[in-house]
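Each ligand, and each atom within it, is numbered from 1 in the order the structure gives. Everything numeric in this text was worked out from a predicted model, so none of it was measured.
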Amino acid sequence: MTTEFLKPLEWKDNTLYILNQLKLPEVEEYNPKRTVEEVFHAIRDMELRGAPLIGITAAYGMAIAAQHINSEDHSEFMEEMQKQASYLGESRPTAVNLFWALKRMIAKAMTLGEVSLEEKRKVLLEEAMIIHKEDIAINRAIGENLISLLKEDMTLMTHCNAGSLATSEYGTATAPMYIAKELGWDIKVYANETRPYLQGARLTAYELARGGVDVTLITDNMAGFLMSQGKIDAIITGADRVVANGDTANKIGTMSLAVLAKYFNIPFYVAVPTPTIDLDMETGKEIPIEERGHEEVTSWFGKQIAPKDIKVYNPAFDVTPNDLITAIVTEKGIVYPPFNENLKKLF
Ligand SMILES: CSC[C@H]1O[C@H](OP(=O)(O)O)[C@H](O)[C@@H]1O
């Protein structure tokens with residue numbers, strides 16, 4: 001039996017509708033985004049989030065940008081498209097998928113010098129839809145590659161949300177979990193709540209339970225204790241940027257899990273589509289780490305949970321050193337160390 005997934009976005013009636021993840025799990029509300037500014041704020045304010053989904057949304061944002069350009073002159077068209085791409089590129093710095101999608105849309109636009117403005121708009125919308133459709137196939141392939149590393153009765157742990165609410169359909173880290181369920185395997189999953197935005201509690205627990213996967217929610221500080229009890233067979237996370245030597249940026253707390261996994265000798269897998277791999281960066285030291293507002297730590301939806309003016313440090317990501325990663329699983333195959341030699345073979 002196949003899984004029915006929540007759609008984090010939908011292009012309908014020439015409008016981009018985005019599921020507002022800030023309201024999940026209580027409310028499933030889709031909001032229309034008709035301007036580049038609206039798309040920018042949806043990404044920046046995390047109405048939607050997740051590296052691949054950010055890329056897909058930015059691609060639709062560039063299609064929307066084209067609809068607001070009225071010049072038939074190609075150089076004027078490209079100048080405005082570049083401007084909008086730079087603007088969207090300022091929304092969030094860590095997930096390389098954003099920049100990958102923007103570059104791909106600009107490259108497509110550059111090939112359209114000889115066609116009408118109307119045709120440019122049509123082709124760019126089609127390109128965004130292709131990027132979206134490709135992501136669905138990529139995630140299924142990641143799941144099929146990753147499940148070959150698992151056994152039917154395993155207990156897994158995942159961090160943050162790298163599921164259908166961060167991508168399309170199967171997700172990346174969650175892809176083998178959904179496929180295992182479809183195969184009738186007895187896979188159990190522990191989802192870490194993932195402070196401060198609570199992607200695990202609000203999104204992963206929600207989507208896996210909704211999809212019929214056996215999921216248990218824990219707070220982040222329980223992860224090590226579970227591992228010490230021998231209850232975790234493997235840890236699977238997503239990623240926001242994997243660089244040439246395999247160092248991996250992902251949600252804050254991921255690196256701590258990888259250290260614990262090493263200590264307790266538990267396999268640590270990173271599930272990632274190739275657009276999340278950035279070979280232009282040699283090591284994780286180069287990855288820009290987004291810092292977000294203090295209010296995400298001191299309150300939650302208006303409920304003050306810390307002193308209002310307390311000093312706060314709120315990095316949204318950390319970088320897991322490549323030597324803590326067992327394998328990086330992509331749609332093109334499973335990559336083992338030495339990552340600085342093996343990742344580039346994917347391209
Ligand atoms: C497959 S999603 C990748 C990645 O994105 C999430 O970050 P955020 O929720 O801040 O966009 C998280 O790090 C996921 O693992």
Side-chain angles (χ1 to χ4, degrees), residues 5 8-9 18-22 24 42-58 91-101 135-136 138-143 146 157-178 191-208 220 235-242 247-258 268-278 284 287-293 296-297 314-320 325 328-331:
F5 297 102
L9 59 72
I18 286 177
L19 176 61
N20 185 350
Q21 297 190 24
L22 289 166
L24 289 176
I43 296 171
R44 208 271 308 277
D45 302 342
M46 295 178 72
E47 269 187 59
L48 70 108
R49 26 61 53 204
L53 184 61
I54 290 170
I56 296 164
T57 305
S91 55
R92 294 187 74 191
T94 305
V96 69
N97 310 62
L98 170 61
F99 308 98
W100 170 86
D135 188 59
I136 295 171
I138 284 173
N139 294 336
R140 175 79 205 198
I142 290 172
L146 226 168
M157 178 181 284
T158 192
H159 192 66
C160 194
N161 175 255
S164 56
L165 290 169
T167 68
S168 318
E169 299 198 356
Y170 283 87
T172 56
T174 59
M177 301 167 189
Y178 288 119
N192 301 342
E193 69 171 357
T194 316
R195 285 242 334 129
Y197 184 92
L198 302 180
Q199 290 93 330
R202 299 187 306 107
L203 307 177
T204 302
Y206 179 63
E207 69 161 88
L208 287 180
D220 300 325
I235 297 173
I236 309 175
T237 76
D240 292 81
R241 195 185 299 236
V242 177
D247 290 350
T248 294
N250 197 54
K251 185 50 49 199
I252 189 74
T254 303
M255 185 259 285
S256 311
L257 285 182
F268 190 90
Y269 299 123
V270 172
V272 74
T274 47
T276 307
I277 297 172
D278 180 1
I287 302 175
I289 298 297
E290 177 186 13
E291 288 190 36
R292 293 186 64 87
E296 289 186 2
V297 177
N314 183 18
F317 301 95
D318 59 25
V319 178
T320 298
I325 299 171
I328 295 172
V329 185
T330 76
E331 73 279 13

Check the side chains of Gln199 and Arg49 for a donor-acceptor pair under 3.5 angstrom, ignoring hydrogens and angles. no
If you look at every heavy atom in Ala101 and Gly55, which pair is closest and at what distance? CB-O, 3.2 Å
Going by the atom numbers of ligand 1, which of them fall below 4.0 Å from some non-hydrogen atom of Ala51? 2 (S), 3 (C), 5 (O)
Of Glu207, Arg140, Glu169, the one forming a side chain to side chain donor-acceptor pair (under 3.5 Å) with Tyr178 is Glu207
If you look at every heavy atom in Arg195 and Val297, which pair is closest and at what distance? NH2-O, 3.2 Å
Residue Lys251 vicinity, atoms of ligand 1 by number, heavy atom under 4.0 Å: 7 (O), 8 (P), 10 (O), 12 (C), 13 (O)
Considering the heavy atoms of Met46, write down every atom of ligand 1 situated less than 4.0 Å from one of them. 10 (O)
Applying a heavy-atom cut-off of 4.0 Å, say which part of Ala316 lies close to ligand 1: side chain, backbone, both or neither. neither
Whether Arg241 and Asp278 form a salt bridge (side-chain N of Lys/Arg under 4.0 Å from carboxylate O of Asp/Glu) is what I want to check. yes
Heavy-atom contacts with Ala166 under 4.0 Å: which atoms of ligand 1 show up? List them by number with element. 2 (S)
Look up atom CD1 in Ile289 and atom CD1 in Ile252, then write down how far apart they are to the nearest 0.5 Å. 8.0 Å
His159 touching ligand 1 at heavy-atom level, < 4.0 angstrom: no
Identity and distance of the protein heavy atom lying nearest atom 3 (C) of ligand 1: Ala239 O, 3.2 Å
One pair to check against side chain to side chain contact (heavy atoms under 4.5 Å, CB included): Thr254 and Cys160. What are the steps and the verdict? CA-CA 9 Å; Thr254 303; Cys160 194; 6.0 Å; no
Report, in ascending order of atom number, the atoms of ligand 1 lying under 4.0 Å from any heavy atom of Thr167. 1 (C)
Between Gly50 and ligand 1, is there a nitrogen or oxygen pair with a distance under 3.5 Å? yes
Does Tyr197 come within less than 4.0 Å of ligand 1, judged by its heavy atoms? no
Which is it for Asn161 and ligand 1 at heavy atoms under 4.0 Å: side chain, backbone, both or neither? backbone
Got the closest protein heavy atom to atom 15 (O) of ligand 1, with its distance? Asn250 OD1, 2.6 Å
Pairwise side-chain contact, Arg202 with Tyr197, heavy-atom cut-off 4.5 Å (strictly under): yes
If you compare all heavy atoms of Ile43 against all heavy atoms of Ser91, which two are closest, and at what distance to 0.1 Å? CG2-OG, 3.5 Å
Please find the pair of heavy atoms, one from Ala42 and one from Ile18, that lie closest to each other, and give the distance. CB-CD1, 4.1 Å
Please report which non-hydrogen protein atom sits nearest to atom 1 (C) of ligand 1, along with the residue it belongs to and the distance in Å to one decimal place. Thr172 OG1, 3.4 Å
Taking only heavy atoms of Gln199, which atoms of ligand 1 are found under 4.0 Å from at least one of them? 8 (P), 9 (O), 10 (O)
Say whether Asp240, considering both its backbone and side-chain N or O atoms, lies within less than 3.5 Å of an N or O atom on ligand 1. yes
At a 4.0 Å cut-off, with the gap strictly under it, does some heavy atom of Thr94 reach an atom of ligand 1? no
Quiz question: by atom type and distance under 3.5 Å, do the side chains of Thr167 and Asn139 form a donor-acceptor pair? yes
Should Arg49 be counted as touching ligand 1, given the test is an N or O pair under 3.5 Å? yes
Please determine whether any non-hydrogen atom of Cys160 lies less than 4.0 Å from an atom of ligand 1. yes
Assess Arg92 for proximity to ligand 1: is some non-hydrogen atom of it under 4.0 Å away? yes
Can the positive tip of Arg292 be found less than 6.0 Å from the middle of the six-membered ring of Phe317, inside 45° of the ring normal? no
